[in-house]
2 protein chains.
Amino acid sequence: MKEDGIGLDVTLEVVCGKWKGLILWKLIHENHLRFNALRRSLDGNISSRILARELKKLIQDGLVERIDYETVPPRVEYRVTPYGRTTASFLEKMNEWGIHHKRRADQQESLTDVSNQLKEQ
Amino acid sequence: MKEDGIGLDVTLEVVCGKWKGLILWKLIHENHLRFNALRRSLDGNISSRILARELKKLIQDGLVERIDYETVPPRVEYRVTPYGRTTASFLEKMNEWGIHHKRRADQQESLTDVSNQLKEQ
DNA sequence: CGGCATCCCGTCCGATACTG
DNA sequence: CAGTATCGGACGGGATGCCG
């Protein structure tokens, strides 16, 4: 019996990819955003196609809720569900770790630059 | 100024994919494993090609260390670095969340089965 | 405004076979 | 034992354009 990676695999599935984690994070902190507002808030460089697709996955997993106001012009809001909000437990930690890692990566960058220069000789 | 997803993106890069998180998790808990031992411990269905590739990435990021004993037959061990061990902060949380989510997903499965049956009519 | 359709590319992942 | 070589499919991600 392995009490190990029992749960890790499914979490990786849910949050994996470049965007789903960031989308969740945004919705957790902003609470209900319209489609394009969400889009602009994500570094600005996610295409609407990708955003729509990733949102669908999050909705399927029950983490995000779609509210269509059925107006013209259309107005649709996305909100994190109470259940989706529970992902904050690890997203928070991931964010903290990433901040530290970014500093470290910057330091290593100058190191690899040096080793690349050595290789080129 | 956004103090938001500043770090989350890089964490997603490091841990993303189907395997890297699981490999890290294993190495954190087992401390130094040989290539094939690690392979067998990962649900058994990762190919050696994929494992070798993912390990290289983890090594590049400074999270895992490769120790080659230079013997014949070859003996190579992989060990998580002290820095790599810091990822446990969020891997732990991800694992916990995944365990809960798995239960929830099982419940929803029966629900979607029902809705699929309805659609087919 | 909130998407979907199309096309395209790079990466992820896998199976199989082979080598030092 | 610890990988690499080769091939191939699936998926992620992006650009562009169109629609109700």
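No experiment lies behind these values; they were computed from the predicted model shown. Lettering follows sequence order; numbering is per chain, from 1.
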Original post:
Do A:V15 and A:K20 come close enough that some side-chain heavy atom pair is under 4.5 Å?
Top reply: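 Contact flag for A:V15/A:K20 side chains = no.
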Subject >> Validation row: B:I50, B:W19 side chains within 4.5 angstrom (heavy atoms) >> reply: yes
Original post:
Taking N and O atoms by type only, does the side chain of A:T71 place a donor or acceptor under 3.5 Å from a partner on the base of C:dC1?
Top reply: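 Flag unset: no donor-acceptor pair detected.
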Subject >> Distance-only donor-acceptor test (3.5 Å): side chain B:R49, base D:dT6 >> reply: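 Result: at least one qualifying N/O pair found.
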Original post:
Hey, what bend do you get for the helix from C:dC1-D:dG20 to C:dG20-D:dC1 if you fit axes on five pairs at each end, rounded to 10°?
Top reply: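 Between the first-five-pair axis and the last-five-pair axis there is 40°.
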Of the listed nucleotides [options], the one nearest the side chain of [X]:
{"X": "A:E54", "options": "D:dG13, D:dC1, D:dG20", "value": "D:dG13"}
{"X": "B:K57", "options": "D:dG3, C:dC12, C:dG2", "value": "C:dC12"}
{"X": "A:A52", "options": "C:dG20, D:dG14, C:dG3", "value": "C:dG3"}
{"X": "B:S48", "options": "D:dG20, D:dA2, D:dT4", "value": "D:dT4"}
{"X": "A:N36", "options": "D:dT4, D:dC1, C:dC1", "value": "C:dC1"}

[X] [atom1] to [N] [atom2], straight-line distance once rounded to whole Å:
{"X": "B:K56", "N": "C:dC12", "atom1": "NZ", "atom2": "P", "answer": "13 Å"}
{"X": "A:E13", "N": "C:dC13", "atom1": "CD", "atom2": "P", "answer": "11 Å"}
{"X": "B:R39", "N": "D:dA2", "atom1": "CZ", "atom2": "P", "answer": "11 Å"}

**OP:** For residues A:N95 and B:L8, report the shortest heavy-atom separation together with the two atoms involved.
**Re:** OD1-N, 3.1 Å
Subject >> Gap separating the OH atom of B:Y78 from the CG atom of B:L27, nearest 0.5 angstrom >> reply: 10.0 Å
Subject >> Whether A:K93 side chain and B:T87 backbone form a donor-acceptor pair below 3.5 Å >> reply: no
Subject >> Side-chain donor or acceptor of A:R66 paired with backbone N/O of A:E77 under 3.5 Å >> reply: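 Side chain of A:R66 to backbone of A:E77, a donor-acceptor pair under 3.5 Å: no, none is there.
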Subject >> Distance-only polar pair, side chains of A:N45 and A:R39, donor-acceptor under 3.5 Å >> reply: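 A:N45 vs A:R39: no donor-acceptor pair found between side chains.
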Subject >> C:dG2 OP1/OP2 closer than 4.0 Å to side-chain N/O of A:R40 >> reply: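 Negative; the distance criterion is not met.
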